[in-house]
Amino acid sequence: MPIRFTDTYSRQLEDFAPLAPPLVRLYTCGPTVYNYAHIGNFRAYIFEDLLQRHLEARGFDVLRVMNLTDVDDKTIRNSLASGQRLNDFTAIYKAAFFADLDALRIKRAQHFPAATDYVPQMIDMIRDLEAKGIAYQADDKSVYFRLSKYPDYGKLAHLNLDELRPSGRIRNDDYEKESIGDFALWKAWDKADGDVRWESPWGPGRPGWHIECSAMATALLGPELDIHCGGVDNIFPHHEAEIAQSECCTGKKFVRTWLHCAHLMVEGEKMAKSAGNFFTLRDLLDKGWTGREVRYVLLTVNYRLPLNFTFEGLAGARAALQRLDEWTARLADHAGEKSEVRNQKSEIPRVEAFFAALDDDLNISGAMGALFDLVRESNATLDRGDLTPAQAAALLAGWQRVDAVLAIERDAVTVPAEVHALVEQRQAARAAKDWPGSDRLRDAIAAAGWIVKDTKDGPKLTPR
RNA sequence: GGCGGGGUAGCCAAGUGGUAAGGCUCGGCUCUGCAAAAGCCGUAUGCGCGGGUUCGAUUCCCGCCCCCGCCUCCA
């Protein structure tokens with residue numbers, strides 16, 4: 001059963017076939033570091049994380065690049081407003097971004113190129129385009145891509161450019177461009193840019209947004225990418241522009257598979273600062289939610305569907321994760337020392353079904369269904385006393401494979417010695433049938449951050 | 001106006017031309033000194049609306065309604 005994805009270009013479910021397996025060259029559009037990333041951004045990054053982890057689970061070597069856009073209009077504007085130099089300003093948000101990636105357990109790409117580190121490569125590409133008659137410098141000193149030279153522009157988005165309705169964002173009059181659709185490759189320096197400027201054959205200025213990705217992707221992954229991801233809003237014009245620039249420079253097909261994830265909504269509404277429903281990850285952490293709870297919510301809806309983010313959903317994630325935690329803890333207890341041999345080979349049909357679901361266009365819902373089927377079935381077997389320690393160990397091994405993709409396992413926790421002592425005192429009180437004393441000790445344990453549960457195998461502790 | 005995604009139980013959501021996975025919530029039960037937690041079981045004659053094709057449609061076709069996105073630098 002091959003892995004299949006819905007390719008944006010063809011709009012079809014297609015068998016995945018990288019150019020040089022097992023290598024997969026993956027390029028993912030990263031953040032613009034002028035502010036903290038919001039949960040809509042992270043929805044995309046978590047989808048890409050799932051993609052990477054599943055490909056790795058299937059034996060591919062994923063070489064992944066995620067760019068950091070550290071120069072653009074908003075970044076310049078905000079850095080000037082803050083009185084900081086561009087690099088000092090973006091450093092803050094770069095660091096915050098990586099901290100957020102860690103909190104969400106998103107695997108690090110091999111490369112996080114910053115746009116400001118690749119200006120020479122961008123200039124080289126623009127010169128190449130200019131030499132080919134595709135780029136031209138206009139009277140405003142900026143350099144533009146001559147769209148008339150690239151008739152395939154619009155094919156990814158399936159737009160017929162002749163029929164585009166002019167929107168308020170097109171300002172016909174202000175431009176010296178030859179054609180309204182021509183996009184900027186190099187933006188001439190303006191006094192509003194302050195000291196943000198690079199020298200170029202066309203005078204001082206800075207690169208356009210689209211050329212960043214073309215230059216960095218090509219520099220780090222070569223002219224042909226296996227997969228390129230982003231949010232649906234990047235399809236047009238950003239990814240169209242990338243295709244145009246890259247293919248005109250290299251003469252090769254830039255991307256074999258395009259994957260785009262749908263947007264996130266909050267409580268059924270579009271997320272917007274003006275609507276008061278705009279959340280960064282740290283907003284949610286401040287409210288007491290954990291990174292893995294947010295990860296679970298963002299991970300468990302298929303990437304092609306709009307994701308409705310709600311606090312009810314977060315609470316559901318918390319409950320579902322607790323159930324998984326309890327399940328793995330029970331298995332570990334039951335496996336005992338057998339858990340030392342966790343990596344034994346074992347075929348568990350539900351685990352195979354989990355991966356088979358992900359093969360089918362990352363059908364995470366189907367995969368989670370298989371996982372919870374396994375949880376219910378093995379819990380029942382355990383309740384009946386029909387599960388051997390070796391079987392429990394095999395199930396744990398299966399879980400480890402699953403969690404290598406999901407990355408939602410509870411962090412290892414160690415019970416403090418004083419809590420252990422309280423539990424022992426409480427057991428003594430219970431043995432003496434001193435119920436008031438027992439209840440006081442339970443409260444003391446709770447005050448220390450732990451919930452004690454009296455099971456037939458003795459007291460069990462769970463972090464609150 | 002063009003292009004695209006979506007409307008399945010209280011919430012999230014999978015899926016199939018043959019009678020609706022899974023998670024959360026809720027209810028019952030088990031366990032328990034009491035609890036809590038956990039576990040087990042149960043909960044949609046129904047899949048936006050109206051037609052059509054078919055022995056049979058949530059699934060295919062036609063029409064319509066609603067939500068969301070993109071339409072030239074928002075994941």
Side-chain angles (χ1 to χ4, degrees), chain A residues 8 11 28-32 37-48 69 72-74 147 153-154 157-167 169-171 177 180-184 187 208-212 229-238 240-241 260-265 268-270 296-297 300-302 304-310 312-327 329-330 353 357 363-373 375-376 379-380 382-384 430 433-436 438-439 442 446 451-456 460 462:
Chain A
T8 305
R11 304 285 159 94
T28 53
C29 281
T32 302
H38 57 70
I39 55 174
N41 300 120
F42 287 115
R43 195 265 167 112
Y45 307 145
I46 285 177
F47 141 64
E48 291 153 0
T69 297
D72 84 325
D73 290 344
K74 279 177 290 198
L147 265 194
Y153 189 82
H158 294 219
L159 286 178
N160 182 342
L161 296 178
D162 299 332
E163 294 174 359
L164 286 189
R165 171 196 244 183
S167 80
R169 289 164 77 175
I170 302 183
R171 298 192 314 273
K177 295 189 289 189
I180 189 170
D182 292 355
F183 56 87
K187 305 183 83 159
W209 179 43
H210 309 306
I211 196 72
E212 277 181 26
C229 301
V232 287
D233 51 333
N234 275 160
I235 296 172
F236 191 91
H238 184 52
E240 293 282 3
H260 292 93
C261 72
H263 272 187
L264 171 140
M265 298 198 293
E269 308 267 313
K270 181 177 178 175
Y296 188 96
V297 166
T300 51
V301 173
N302 184 278
R304 286 189 297 111
L305 267 53
L307 190 160
N308 186 19
F309 181 91
T310 65
E312 189 179 356
L314 268 177
R318 177 170 288 178
L321 286 167
Q322 277 170 1
R323 185 163 172 216
L324 290 170
D325 292 344
E326 199 65 33
W327 177 63
R330 284 185 84 191
N363 181 352
I364 187 68
S365 298
M368 295 307 286
L371 173 60
F372 279 104
D373 283 340
V375 170
R376 177 169 24 77
N379 272 328
L382 204 48
D383 284 349
R384 285 198 307 270
R430 295 184 72 223
K433 298 200 186 297
D434 172 16
W435 308 130
S438 167
D439 290 346
R442 178 160 60 203
I451 292 168
V452 63
K453 299 181 281 186
D454 300 319
T455 74
K456 58 180 175 297
K460 291 278 166 61
T462 311

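Residue numbers start from 1 in every chain, and the chains themselves are labelled A, B, ... in the order their sequence lines are given, proteins ahead of strands. Here the structure is a predicted model, which means the values were calculated and not measured. Computed over heavy atoms, backbone and side chain alike; hydrogens, waters and symmetry mates excluded.
Across all strands, A:His260 comes closer than 4.0 Å to no nucleic acid atom at all (heavy-atom distances). Within 4.0 Å of A:Lys460, counting heavy atoms only, lies no atom of the nucleic acid at all. If you check every strand for non-hydrogen atoms under 4.0 Å, A:Ala37 touches nothing. Using a 4.0 Å heavy-atom criterion, one finds that A:Phe372 contacts the sugar-phosphate atoms exclusively. Using a 4.0 Å heavy-atom distance criterion, A:Leu264 is classed as a base contact. Using a 4.0 Å heavy-atom criterion, one finds that A:His263 contacts the bases of the nucleic acid, with or without backbone contacts as well. If you check every strand for non-hydrogen atoms under 4.0 Å, A:Asn41 touches a base. Nucleic acid contact for A:Gly40: base, since at least one base atom lies under 4.0 Å from a heavy atom of the residue.
The ring pair (Phe, Tyr, Trp, His ring centres under 6.0 Å) search around A:Phe42 returns A:Tyr45, not counting sequence neighbours. Scored by the side chain to side chain donor-acceptor pair (under 3.5 Å) test, A:His238 finds A:His210, A:Glu242 as partners (sequence neighbours excluded). With sequence neighbours excluded, the residues that form a side chain to side chain donor-acceptor pair (under 3.5 Å) with A:Thr8 are A:His260. Residues passing the side chain to side chain donor-acceptor pair (under 3.5 Å) test with A:Asn302, sequence neighbours excluded: none. Partners of A:Asp439 according to the side chain to side chain donor-acceptor pair (under 3.5 Å) rule, which considers only residues two or more places apart in sequence or in another chain, are A:Arg442.
The separation of B:rC24 from B:rU43, taken at their P atoms, amounts to 16 Å, rounded to a whole angstrom. Spacing between B:rA9 and B:rC68 at atom C1', rounded to whole Å, works out to 23 Å. Comparing B:rC31 with B:rC67, their C1' atoms are spaced 47 Å from each other, to the whole Å. Look at the P atom in both B:rC70 and B:rU54: the space between them is 43 Å, to the nearest Å. Here, B:rC60 and B:rC71 have their C1' atoms 32 Å apart, quoted to the whole Å.
Put simply, CG on A:Asn379 is 18 Å from P on B:rC31, counting in whole angstrom units. Distance A:Arg318 CZ to B:rC24 P: 15 Å, rounded to the nearest Å. B:rA21 atom P lies 11 Å from atom CZ of A:Arg376, rounded to whole Å. Taking atom CG on A:Leu321 and atom C1' on B:rA38, their separation rounds to 16 Å, with Å as the unit.
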Worksheet item: What string of B, S and - do you get for nucleotides 5-15 of chain B 5' to 3' if you count protein non-hydrogen atoms under 4.0 Å?
Response: S----BSSSSS
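Which of B:rC34, B:rC74, B:rG22 sits closest to the side chain of A:Asp454 comes down to B:rC34. Candidate nucleotides B:rG33, B:rC40, B:rC3 were compared by shortest atom distance to the side chain of A:Trp435, and B:rG33 ranks first. Each of B:rC71, B:rC68, B:rC40 was ranked by its minimum atom distance to the side chain of A:Lys270; first place goes to B:rC68. Taking every side-chain heavy atom of A:Asp373 into account, B:rA21 is the closest of B:rG23, B:rC68, B:rA21.
Residues A:Gly369 and A:Gly231 each lie close to RNA chain B; by heavy-atom proximity, the contact nearer the 5' end of the strand is made by A:Gly369. Looking at which nucleotide of RNA chain B each of A:Lys74 and A:Leu324 is closest to, the 5′-most match is held by A:Leu324.
Looking at A:Arg442, its side chain comes within 3.5 Å of the base of B:rC34 through a donor and an acceptor atom.
Counting only distance, with no hydrogens or angles, the side chain of A:Arg43 and the backbone of A:Ala262 share a donor-acceptor pair below 3.5 Å. Not a single donor-acceptor pair under 3.5 Å links the side chain of A:Glu212 to the backbone N or O of A:Thr69.
Across all non-hydrogen atoms, the minimal contact from A:Ala353 to A:Ala370 is CB-CB, 4.0 Å.
Atom CG in A:Leu314 sits 12.0 Å away from atom OH in A:Tyr296 (nearest 0.5 Å).
At B:rA38, none of the side-chain N or O atoms of A:Arg323 fall inside 4.0 Å of OP1 or OP2 (strictly under the cut-off).
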